[in-house]
Amino acid sequence: MQRCDIILQDGTVIDGTGATAQRADVAMEGGRILHVGDCSEIKADEVIDASGQVIAPGFIDVHTHDDWALLATPDMAFKVTQGVTSVVAGNCGISAAPFSAKGDLPAPFDVIPGISAGRFDTVEAYASAVTEARPAVNVRLLAGHSSLRASVMGADLERAATESEINAMRDALELALRQGAAGLSSGLDYPAALSAPMEEMIELAGVLKGHDRAVYTSHMRDESDTVIASVRETLETGQRSGARVVISHHKCAGKANFGKSVETLKLIDAARCGHEVALDVYPYVASSTSLIERFLPSAEDIKVIWSTPHPEQDGRMLNEIAADWGVSREMAVTRLQPAGAIYFDMDEGDLQRIMQHPAAMIGSDGLPGVDKPHPRLWGTFPRVLGRYVRELKLLELTQAIHKMTGLSATQFGMIDRGVVRAGCIADLVIFDPDQVADMADFDHPTRPSRGISHVMVNGALALADGQQTTTRAGAFLS
Ligand code: ZN
Ligand code: CU
């Protein structure tokens, strides 16, 4: 009789490709999937009963800022408890590598507390730090445009890069890709990159062309009043550079822009006829980032979640803080710097329309390292499965899983992951489709989700019977 390490018995397998569910067992051996189907002829060291539950590929969080959390809090509880087995880090232009800048830097470098402690000259150095930390989930790293800029230009970022600076960034990006980076990310909405013209991005994204799996992801120049122009710019950057494009956390922020996703998605569809374009989205109508005066017009309600000089204001609304101090909102923002906030700035209709788009993947954009984060950090994936699949029936379960696994692995060049198929790596999740739900909300943002029972990373159990194990089997994915 054939033997294997683990058999997941009698589950409903949703394989991540978007195909219909099938009743099956899944056998695993040596970190890979050995067989999907009837496994009664195989003897396993361990059998896990999956009856009444779904067996799916482990979720891939394509939009994270976990570069530093993977090293500082390698148990990654906020990801494992959601069924996430891999994260894409280095989004929005900020990555831990290549990042050789010294000293203080402008937003968004302040978005992650503790970022200054970990700057890695090369992707190779970051990969070794990951290997040493042994995080519970896998990581694929994007090289951040703002990190490249700061490495080459120092703190002098509020201008276009010169020809020789662009060449230095291109060399650093080329090396990063050869050392296993997934592509290039940008954060053109922030002071660190706002002055970079489209031409600078086209020249940099051009480096990706020589690397089949590489992708250009963009937190666009604006996500509010000029969101349509920003989508055009991003698509043009992809077309002219030849790079595949992923539009990050797509949204139309600010009341005046509600409904504009009809047009942005039309533009994306038109571009998709000739060029590969995808997007990511998180299931909330509030965003979160640095507290910046530029972003004030897009939201009436803004919750301050941290402030270095005024920690006593954490968790309070900006309007209340300004009223208490007898100053304008702008003045309050200046006094609170550096600070982070949650902006209640989106429309549910846009969110649903974007999530339903066939090229939309799920990415949390969660910001770890603060006491009261946006609940997306702990709740994104179960929220899609509970609220948007089971309750609102916005998506079929197979479709939602595809947006969290198969589609994501293809877009981010992850080999042998994101699908349940013999020969693929055993990154898997088992959950109860009738129970799965996010428990984190704006008042209790770090409550773990429910309904996820088992998580396997590279064939090892990271979560068993709903409890996190001490095994940390994640790896740097090149
Ligand atoms: Zn962003
Ligand atoms: Cu982001």
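Counting starts at 1 for both ligands and their atoms, in listed order. Keep in mind the model is a prediction, meaning the values are calculated, not measured.
Of all the N, O or S atoms in His63, the one closest to the Cu ion (ligand 2) is NE2. Checked against the Zn ion (ligand 1), the N, O or S atom of His219 at the shortest distance is ND1.
Checked against His219 for a ring-ring contact (aromatic ring centres under 6.0 Å, His included), the options His249, His65, His145 give a single hit: His249. Considering Tyr126, Phe120, Phe109, Trp68 in turn, Phe109 is the only one that fulfils the ring-ring contact (aromatic ring centres under 6.0 Å, His included) rule with Phe99.
The pair Lys260-Asp350 fails the salt-bridge criterion, with no side-chain N (NZ, NE, NH1 or NH2) lying under 4.0 Å from an Asp/Glu carboxylate O.
Rounded to the nearest 10 degrees, the angle NE2 (His249) to the Zn ion (ligand 1) to SG (Cys92) equals 110°. Geometry at the Cu ion (ligand 2): OD1/Asp365 and SG/Cys92 form an angle of 160°, nearest 10 degrees.
Between the Zn ion (ligand 1) and His63 there is no N/O/S contact shorter than 2.8 Å. At least one N, O or S atom of His65 sits under 2.8 Å from the Cu ion (ligand 2).
A ring-centre distance under 6.0 Å is not found for His63 and Tyr282.
Asp345 and Ser287 are linked by a side-chain donor-acceptor pair at a separation below 3.5 angstrom, with hydrogens and angles left out of the test.
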